[in-house]
Amino acid sequence: MGIIYNQSTRVFHLQAANTSYIMQVYDDGYLAHSYWGKKINKVNEKNILSLRGRGSFSPNTSNVNKVLTLDTLPQEYPAYGNSDFRTPAYAVQLENGSTVTDLRYDSHRIFKGKPMLRGLPATYVEKDDEAETLEIIMVDRLIGLKVILSYTAYKNFDVITRSVRFINRGESKLKILRALSMSVDFNSSKYDFMHLYGAWAKERHIERRPLLNGTQSVESRRGSSSHQHNPFIALLSKDATEDNGDVYGFSLVYSGSFLAQAEVDQYETTRVSIGINPFDFSWLLEKGEEFQTPEAVLVYSSKGIGEMSRTYHRLFRTRLCRGQFRDKTRPILVNNWEATYFDFNAEKIEAIAKVGKDLGIELFVLDDGWFGKRNNDNCSLGDWVEDRRKLPNGLKDLAERINKLGLQFGLWFEPEMVSPDSELYRQHPDWCLHVPNRPRTEARNQLILDLSREDVCEYIINSISNILKTVPINYVKWDMNRNMTEIGSECLPVERQRETAHRYMLGLYKVIDKITSDFPHILFESCSGGGGRFDAGMLYYMPQTWTSDDTDAVERLKIQYGTSIVYPVSTMGAHVSAVPNHQVGRVTPLKMRGDVAKSGNFGYELDLTKLSECEKEEIKVQIAEYKEIRELIQFGDMYRLLSPFEGNETAWMYVSEDKTEAFVAYFNVLAVPNGPIKKLTLKGLDEKKEYVIQGSKEVYGGDELMYLGLTLPETMGDYSSIIWRLKSKQ
Ligand code: DGJ
């Protein structure tokens, strides 16, 4: 267990829970990749790397080894320019204009624990014996470039994390053109490529397709991780299913533009890499300066996609998310956005909160429109002062009234933005991202503040903190509603303009680190027009994210199912909204809306004062039930049973760690006439335990439920759902 180095063969063997990751310092000091997969206890080091001489179109770079060509050597952090023609992991331009570099092994160190990444989010350990870290120092002696490749192997998770630090130890300036967080070579191309794609209101749909010759990639050039592609890809063995087969996951702990790709080369090998998008990126390294890449989290599963997801869930829930709320069950909230949009006043808000209290809701969230003169989305972002026309006695008074009703109070901000129609913009027109003499493209009538600037970051910290200090706030929704255009900063010199987008991310991380640590009692939820920045980077600071602006129960099946490929349920906001649904106009029963939202951080987003008595009674029951099961849902293990991407039905379940309790949810989108009699086979239970289904006296064996299954009752009507709660008898 841990990280072993064999000095005579120069082989590194990293062992995570059930995983081995093996590499070797090969001839001439090249760092070769040998194996990543199911744990191997002892390797015959002669067996781990097989090379063959190739023709002159794969040049031989070595004087000592005539079969060594970098074009076929599986590498850990490949360069461009000296015979590897595949995708490089990095590229650096010298002052003489050349982009040829050559990294060779210099030294390494192995130690217990896992260091933090300066200025960047990353997974962590609480005790040093949870993981071991290997730092391999690679050097290009000609230019004095030092590159530290960091690997951490977790003892209890099938997780290897990787990141890279560049240091300029030479005499001249260097310009980094590309600095991916990792690269790994597989000796086969017989895999499928899986990723999560989408758009606003339909985030993180799953796509799986065969790997093909050439490069296949997903990326964001939007300055945020994006609705369109998530910073995650996986390679799956051809036979991989939810429960079987080899799965290799790659998740980037970063919230800005990224690139994730797989390249199949001429010899049917596959190179996978992930990191900051090199598109429109460069970073100047003056003498002595350093550059740190974000972290990539690599998960291996020999038991299919489901096990990969559960590994990500456990790791992200317990060793990425931080703060007081990490291990706490989350409050049931009502948010006024879909209830009122901008059209509200203090009485209306209080009226909604009052009904909410009667129904059992615990937190009221005041969304957009409470500040400046914001009656619509064309003004006031940046002016974080309450609108006295709507709230005549101020925000504090409203929050206190809500508290008096017995509810906590939460507030929406969009701190990274500025409206051209705002006091802030009139005072500081230079504070937004822009380039000289070009129009500033607006989206939703707003511009983005330049968070690469110290003064702008200070303004955000102070203006938001002033409110958090004076108003009794327990929850903040941190929104961000547009992507970056004209990415340039007035404060950066010409040769650093292409650093702006990444400097923005560093500024954002600094701001949210400061605010979240200054107000540890506040639960922060990030949001970007729903799930436009649902990534591991944001989760380090804010333990939950608004999953999507699409609250339709049917659409949510795909969104929540797709999101669960990587992200734990405790991170997903899920609300019951009114019908006809505001995004798609669909009318679904309150029961299905409730059952879908229960599979997340539960809440409501509708005008509770307009509910009928009958609806109120149903909601009271939903809330009471969620209070009983939320610990299981938010912190249990999730098993996906039926995929909404494969048919009319969806099912998933949550099992407590000790397997004594489970919650199963089944959804049938369209009614089927005279359909087959179906059984739902469950997962994750204890074969030897006996389970009772709440509301019935029947007893079922865990083995029976998992192999024979539960008979699905016939459902009538479209959009039906059934939930079961299981408790073990022992
Ligand atoms: C986008 C968010 O996703 C919504 O929930 C809401 O907060 C609006 N912004 C408010 O402008």
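Below, all heavy atoms of this structure are taken into account, side chains as well, without hydrogens, waters or symmetry copies. Counting starts at 1 for both ligands and their atoms, following the listed order.
- Between Y654 and H313, a ring centre-to-centre spacing not shorter than 6.0 Å is recorded.
- Taking every non-hydrogen atom of K477 and a distance limit under 4.0 Å, the qualifying atoms of ligand 1 come out as 4 (C), 5 (O), 6 (C), 7 (O).
- The nearest protein atom to atom 3 (O) of ligand 1, hydrogens excluded, is given as D549 OD1, 2.4 Å; this is a heavy-atom distance.
- Under a 4.0 Å criterion applied to the non-hydrogen atoms of G529, ligand 1 contributes the atoms 1 (C), 3 (O).
- Atoms of ligand 1 lying under 4.0 Å from any heavy atom of C527, numbered from 1 in the order shown and given with element: 2 (C), 3 (O).
- Heavy-atom contacts from other residues, nucleotides or ligands closer than 6.0 Å to CZ of R438 number 12 or fewer.
- For E338, the side-chain hydrogen bond (donor to acceptor under 3.5 Å, both in side chains) partners are T551, Q583, not counting sequence neighbours.
- The contact set between ligand 1 and N481, taken as ligand atoms under 4.0 Å from a residue heavy atom, comprises 1 (C), 9 (N).
- Classification of the Y254-H502 ring pair by plane angle, with boundaries at 30° and 60°, yields tilted.
- Each of the atoms 3 (O), 5 (O) of ligand 1 lies under 4.0 Å from some heavy atom of W546.
- Legend: residues meeting ring pair (Phe, Tyr, Trp, His ring centres under 6.0 Å) with F316, ordered by chain and number and at least two apart, are Y312.
- In this structure, atom 1 (C) of ligand 1 lies nearest to the protein heavy atom D479 OD2, 3.1 Å.
- In this structure, R444 has a heavy atom closer than 4.0 Å to ligand 1.
- From E416, atom CD reaches atom CH2 of W478 across 6.0 Å, with rounding to the nearest 0.5 Å.
- Listed by atom number, the atoms of ligand 1 under 4.0 Å from G530 heavy atoms are 3 (O).
- Given atom 11 (O) of ligand 1, the protein heavy atom at minimum distance is D368 OD2, 2.6 Å.
- What sits closest to atom 7 (O) of ligand 1 on the protein, heavy atoms only, is D367 OD1, 2.7 Å.
- The aromatic ring centroids of W652 and F663 lie 6.0 Å or more from each other.
- Aromatic pair W337/F342: ring centres closer than 6.0 Å.
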